[in-house]
Protein chains: 2
Amino acid sequence: MRLSTRAQYAVRAMVDLSLHSEGRPVSLREIAQREDIPLNYLEQLFNRLRRGNIVESVRGPGGGYLLARESAAILVGEIVATVEEPLTPVSCMDKGKGRCTRTAACTTHTVWEMLGERIRNFLDSITLEDLVSEARRRIAGAEQ
Amino acid sequence: MRLSTRAQYAVRAMVDLSLHSEGRPVSLREIAQREDIPLNYLEQLFNRLRRGNIVESVRGPGGGYLLARESAAILVGEIVATVEEPLTPVSCMDKGKGRCTRTAACTTHTVWEMLGERIRNFLDSITLEDLVSEARRRIAGAEQ
DNA sequence: GTATAGTTGACAAAAATTGTATGGTATGTT
DNA sequence: AACATACCATACAATTTTTGTCAACTATAC
């Protein structure tokens, strides 16, 4: 049970982006440096985030990425789901085969389904804004 | 975010074991056949489950495994944690380095920590007995 | 037109997971 | 005692997934 670094990178990058963009686009190069994430890898992630309508891109020099919405309207769960694709804890759930014989398998499935729901609910209960203000508090605290 | 098949196998096998053991040891061969799990792989899992005090083994012919406790006292979270080892969603948490610079990384950590806690709490809220009685209901329903 | 920076897809490296093989040890049965 | 069963343990191979890299392209500000 492990969250991919994809998801971790994505959330961190989004926090970083929110913190440093004051309406201005932020380049991935900046983010990659500050957060120590491989640039090319970040590009892949932001492609997904863009298609997922979480960020918008500005091309050309001085370009970069912007939040597609205000940070209070972006859920952590969205970010994770977008870069992660299936957020079901068990693979046999995606294919709608519904085979499920009478074995124990069938019974345990409901557990994994519920677990997946809990995970999604939790991550959807946190907004990007929550993390950003938490981060600001942290920075303010460290500066003293 | 995906649960290993290890964990799925382990929980299924434990349900199967509970269903078919009436105080008698159940061999892994049986379980492997019914649940369609590679025998050698199951053996590895049950080694961990034994060391984790979730099952007891009986060697020799007619041997097999028994629950170490009544099924109502065995939590699904225990089973998963035992075969899975670290149940933290993020790897950098195991090593107690506590590095955590002032970047966004630090802020997101608390999210993953809380997520891990939620996952554990949920899985610990379900007992093996819950699953077994659910399975029995399912079987009874299918027989009509 | 040149430099910046996003866009895309293919691919390679690395890690983790899953599964297999082999050789053991304990024990009940004949 | 011999034999069969079934657990015990470790090493290793195959596979899959994840992570990261490369190269070529497009848009745009200056």
Side-chain angles (χ1 to χ4, degrees), chain A residues 1-10 12-13 17 20-21 24-33 35-52 54-68 80 83-92 94, chain B residues 1-10 12-13 17 20-21 24-33 35-52 54-68 80 83-92 94:
Chain A
M1 193 93 232
R2 184 135 287 192
L3 207 63
S4 62
T5 72
R6 255 207 298 288
Q8 300 173 52
Y9 282 170
R12 269 171 57 198
L17 170 54
H20 293 92
S21 162
R24 305 247 158 258
V26 180
S27 72
L28 291 189
R29 173 192 291 252
E30 278 183 63
I31 299 178
Q33 270 178 353
E35 297 296 330
D36 194 37
I37 298 172
L39 175 59
N40 290 313
Y41 203 35
L42 252 196
E43 288 179 341
Q44 288 175 35
L45 300 182
F46 271 76
N47 266 318
R48 298 211 204 187
L49 293 173
R50 182 173 50 81
R51 283 180 219 151
I54 293 176
V55 296
E56 275 170 9
S57 65
V58 179
R59 302 176 73 147
Y65 286 92
L66 293 164
L67 298 186
V80 174
V83 299
E84 195 100 308
E85 289 311 349
L87 204 55
T88 53
V90 163
S91 63
C92 64
D94 337 276
Chain B
M1 193 93 232
R2 186 135 284 195
L3 206 63
S4 63
T5 73
R6 253 208 300 288
Q8 299 173 53
Y9 281 170
R12 269 170 58 198
L17 169 55
H20 294 93
S21 161
R24 304 247 158 260
V26 181
S27 72
L28 290 187
R29 173 192 290 251
E30 279 181 63
I31 298 177
Q33 270 178 353
E35 298 295 330
D36 194 38
I37 298 171
L39 176 59
N40 290 316
Y41 202 36
L42 250 197
E43 288 181 340
Q44 290 176 35
L45 300 181
F46 271 76
N47 267 321
R48 298 210 204 188
L49 293 173
R50 182 175 50 83
R51 283 180 219 153
I54 292 176
V55 296
E56 276 170 8
S57 67
V58 179
R59 301 177 74 147
Y65 286 92
L66 293 164
L67 298 185
V80 174
V83 299
E84 196 101 308
E85 290 310 348
L87 203 56
T88 53
V90 162
S91 62
C92 62
D94 337 274

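Keep in mind that the numbers below use all heavy atoms, side chains included, and drop hydrogens, waters and symmetry copies. By convention in this document, chain letters (A, B, ...) are assigned in the order of the sequence lines, proteins followed by strands, and residues within each chain are numbered from 1. Please read these numbers as outputs of a predicted model, since none were measured by experiment.
- Contact annotation for A:Arg48: no contact, since no heavy-atom pair falls under 4.0 Å across all strands.
- The aromatic rings of A:Tyr9 and A:Tyr41 lie perpendicular to each other, with more than 60° between the two planes, well past the 30° mark.
- Taking a heavy-atom distance under 4.0 Å as the criterion, the stretch of DNA chain D touched by chain A extends 5' to 3' from D:dT18 to D:dA29.
- Base contact: A:Arg6 has a heavy atom under 4.0 Å from a base atom.
- One finds the CG atom of A:Leu67 at 5.0 Å from the CG atom of A:Leu17 (value rounded to the nearest 0.5 Å).
- Between chain A and DNA chain C, the heavy-atom contact criterion of under 4.0 Å yields a 5' to 3' nucleotide range of C:dA3 to C:dA10.
- DNA chain C is contacted by both A:Gly63 and A:Arg51; A:Gly63 maps to the nucleotide lying nearer its 5′ end (nearest heavy atom per residue).
- The two residues A:Val83 and A:Ala10 make their nearest non-hydrogen contact at CG1-CB, 3.8 Å.
- Two residues are said to be in side-chain contact when any heavy atoms from C-beta on lie closer than 4.5 Å; A:Glu84 and A:Leu3 meet this criterion.
- Residue B:Leu66 comes nearest to B:Pro25 through the heavy atom pair CD2-N, 3.5 Å, listed as atom of the first residue, atom of the second, then distance.
- At the heavy-atom level, A:Phe46 lies nowhere under 4.0 Å from the strands shown.
- Mapping A:Ala7 and B:Asn47 onto DNA chain D by nearest heavy atom places B:Asn47 at the nucleotide closer to the 5' end.
- The two residues B:Val80 and B:Ala7 come nearest to each other via the heavy atoms CG1-CB, 4.0 Å.
- Comparing B:Pro61 and A:Tyr9 by the nucleotide of DNA chain D whose heavy atom lies nearest to each, the residue mapping closer to the 5' end is B:Pro61.
- Going from atom CD of A:Glu30 over to atom CG of A:Leu42 covers 12.0 Å, rounded to the nearest 0.5 Å.
- Residue A:Leu28 holds its CG atom at 12.0 Å from CD of A:Glu35, rounded to the nearest 0.5 Å.
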